[in-house]
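Order of the sequence lines sets the chain letters (A, B, ...), proteins ahead of strands, with each chain counted from 1.
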Protein chains: 2
Amino acid sequence: MGGATARELQQELRSRGYRLTPQRQLVLEAVEELRHATPDQVLERVRSKAKGINQSTIYRTLELLESLELVTHTHLGHGAPTYHPASSPDHAHLVCAGCGEVRQVDPDVVAPLVEALKRHCGFTTDVRHLAVQGRCANCSENTEG
Amino acid sequence: MGGATARELQQELRSRGYRLTPQRQLVLEAVEELRHATPDQVLERVRSKAKGINQSTIYRTLELLESLELVTHTHLGHGAPTYHPASSPDHAHLVCAGCGEVRQVDPDVVAPLVEALKRHCGFTTDVRHLAVQGRCANCSENTEG
DNA sequence: TTGATTGCAAAGCCTTTGCAGTTCT
DNA sequence: AGAACTGCAAAGGCTTTGCAATCAA
C-alpha cells in the first residue's frame, strides 16, 4: 500500500538533481502516516523519530515533495494548509462552517462539477486541492429548520 | 446596484446592539466599490477618503460586516482573503495555478456540485466562498499537450 | 452617561530567507 | 572540489489583542 519506497523516492529525487536525505524520508513518511497533516504536525511527528530537525526543513521539504507530486496540499480553514500523501486515494474535502467537521468525499461526487467546468470554460479542476465550505447535514438543520 | 444605504446599515447594526460609525460606512463602501478586495486594499481605499483609519478597524469591521452578511470572503490563493459585497451577484471563483487568472463563474455552473453534495450527504455548499483551483483552458493546453 | 468603538502598539501565527557549516558524489 | 542540503536565527506577511481615549446614542 501506499507510500513510495526509499528507493523510489531516491530515484525520483536523483532524476531531478536532488538528493535523498534522512530528513526527506522522514517528512514523506510522516505525511503518509498522518494522512492529513499541517506542517507543524509533520514537524512534531518527525521530531518524535529523530532529534534536531528544523521547521524550515519541513517547509522546504514539503514544497519539494509537492513539486515531485508526492504530496498535495489543501486549505481547510484559515490556518495552516493540510498535506496529503499522493499515494492516498483522490478525494475532495467538505468543511462545515458550523461544527468544523471535515469530511472527505470521493471524486465521483464532485465529477459533475469537474465536467461542468471543463465544458463551460475549459477549466481543469484540481480535485485534490478542492475544499468546499458550507454546512453539514446536522448544522444545516439547526440553521434552516 | 447595490449597496445598503446608510440608513439600512444603521438599522442592521442597531438591531444587534452595534453602532453606525463613519469607519464602518467607509469600509462597506470600499468593499462595494472595489468588488474584490483584500483587507489591505480596503484600508488603502478607506484612507484615500479619510485620514487616520487603522488596520485593526478594517479587520474588526470586515468581520462584523460578514457576520451581518453584508460582505463575504473567499480564499483565492495563499495570501490575504478577498472580500465581496453581498449586494453583488453570487458567483464562485476559478483560480488558475498556471497563470494566476481568477475567473468568476455563475452559480448555475456549480449547481451540479451543489446538488450532488446535498444529495450525497446533506451538505449545503456556500457557493460564494467557493474557490476552485486548477488550470484554465490556456494553461491546460500548455501542460497536457 | 455609559457602553460601544477606535487607534495604537505589541504580540501572535505561519512561512520564508540568508548564511555558514555539513554532507553527498 | 563542487553542489545540494540543513540548522539557526532573523525577518516578513497577515491578523489579533489589550488598553486607554473617544464617540455614538
Side-chain angles (χ1 to χ4, degrees), chain A residues 6-7 9-31 36-47 49-68 70-71 73-83, chain B residues 6-28 30-31 36-47 49-68 70-71 73-83:
Chain A
R7 181 159 315 248
L9 177 54
Q10 178 163 44
Q11 287 177 357
E12 204 44 48
L13 289 164
R14 294 300 303 279
S15 72
R16 309 211 195 181
Y18 300 121
R19 294 176 184 169
L20 178 60
T21 65
Q23 289 89 338
R24 287 177 178 172
Q25 234 174 296
L26 285 164
V27 169
L28 182 54
E29 273 173 35
V31 173
H36 285 75
T38 60
D40 229 45
Q41 293 168 326
V42 173
L43 177 60
E44 195 188 357
R45 179 83 169 201
V46 169
R47 280 193 173 155
K49 303 199 173 180
K51 295 291 174 187
I53 282 163
N54 195 271
Q55 255 191 345
S56 42
T57 301
I58 301 291
Y59 282 105
R60 289 191 275 230
T61 303
L62 287 172
E63 190 183 0
L64 176 65
L65 295 177
E66 188 154 31
S67 78
L68 299 177
L70 294 172
V71 308
H73 83 269
T74 188
H75 295 272
L76 300 182
H78 279 196
T82 302
Y83 284 82
Chain B
R7 180 159 315 248
E8 287 165 348
L9 177 55
Q10 178 163 45
Q11 287 177 357
E12 206 43 51
L13 289 165
R14 292 302 304 280
S15 71
R16 309 214 196 180
Y18 301 120
R19 294 175 182 172
L20 178 59
T21 65
Q23 289 90 336
R24 288 177 176 171
Q25 233 173 297
L26 285 165
V27 169
L28 181 54
V31 173
H36 285 76
T38 61
D40 229 45
Q41 293 168 327
V42 172
L43 177 61
E44 195 188 359
R45 179 80 169 205
V46 169
R47 280 192 172 155
K49 302 199 174 180
K51 296 291 174 187
I53 281 164
N54 195 270
Q55 255 190 344
S56 42
T57 302
I58 301 291
Y59 283 104
R60 290 191 274 230
T61 303
L62 287 172
E63 189 183 1
L64 176 66
L65 294 177
E66 188 154 31
S67 77
L68 299 177
L70 293 171
V71 307
H73 83 269
T74 188
H75 295 272
L76 300 181
H78 279 194
T82 302
Y83 285 82

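dT6(D) atom C1' lies 13 Å from atom CG of Leu26(A), rounded to whole Å. Distance CG (Leu43(B)) to C1' (dG7(C)): 12 Å, rounded to an integer number of Å. The distance between atom CG of Leu13(A) and atom C1' of dT25(C), rounded to the nearest whole Å, is 15 Å. Rounded to an integer number of Å, the gap from Leu76(A) CG to dC14(C) P is 14 Å. Separating the CD atom of Gln25(B) from the P atom of dT6(C) is a distance of 12 Å, rounded to the nearest angstrom. Distance CZ (Arg24(A)) to P (dG7(D)): 11 Å, rounded to an integer number of Å. Between Arg16(A) atom CZ and dC5(D) atom C1' there is a gap of 18 Å when expressed in whole angstrom units. Atom CD of Gln41(B) is separated from atom P of dG13(D) by 15 Å (rounded to the nearest Å).
Between atom OG1 of residue Thr57(A) and atom CG of residue Leu26(A) there is a gap of 11.0 Å, rounded to the nearest 0.5 Å. Leu64(B) contributes atom CG, which lies 5.0 Å from atom CZ of Arg24(B) (distance to the nearest 0.5 angstrom). Put simply, CD on Gln25(B) and CD on Gln23(B) are 10.0 Å apart, with the number rounded to the nearest 0.5 Å.
Counting only heavy atoms from C-beta outward, the side chains of Gln41(B) and His36(B) never approach each other to under 4.5 Å. Under the 4.5 Å side-chain criterion, counting only non-hydrogen atoms from C-beta, His78(A) is in contact with His75(B). Counting heavy atoms from C-beta outward, Asp40(B) and Gln55(B) have side chains that approach closer than 4.5 Å.
The salt bridge (charged side-chain N to carboxylate O under 4.0 Å, His left out) search around Arg7(B) returns none, not counting sequence neighbours.
Between dT6(C), dT6(D), dC14(C), one nucleotide has an atom nearer to the side chain of Pro81(A) than all others, and that is dC14(C).
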For a quick check, with a 4.0 angstrom heavy-atom cut-off, what is the B/S/- contact string for nucleotides 20-25 of chain D, read 5' to 3'? ---BBS
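The minimum heavy-atom distance between Leu43(A) and Asn54(A), with the atom names listed, is CD1-C, 4.2 Å.
Using cut-offs of 30° and 60° on the angle between ring planes, the pair His73(B) and Tyr83(B) is tilted.
Contact annotation: Thr57(A) side-chain N/O to dT6(D) OP1/OP2 distance is not under 4.0 Å. At dG7(C), one or more side-chain N or O atoms of Gln23(B) fall inside 4.0 Å of OP1 or OP2 (strictly under the cut-off).
Residue-level contact check: Gly52(B) touches the backbone only, with heavy atoms under 4.0 Å from sugar-phosphate atoms and none from bases.
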So which protein N/O to nucleotides 16-21 of chain C N/O distances come out below 3.5 Å?
{"unit_1": "dG18(C)", "atom_1": "O6", "unit_2": "Arg60(A)", "atom_2": "NH1", "d": "3.4"}

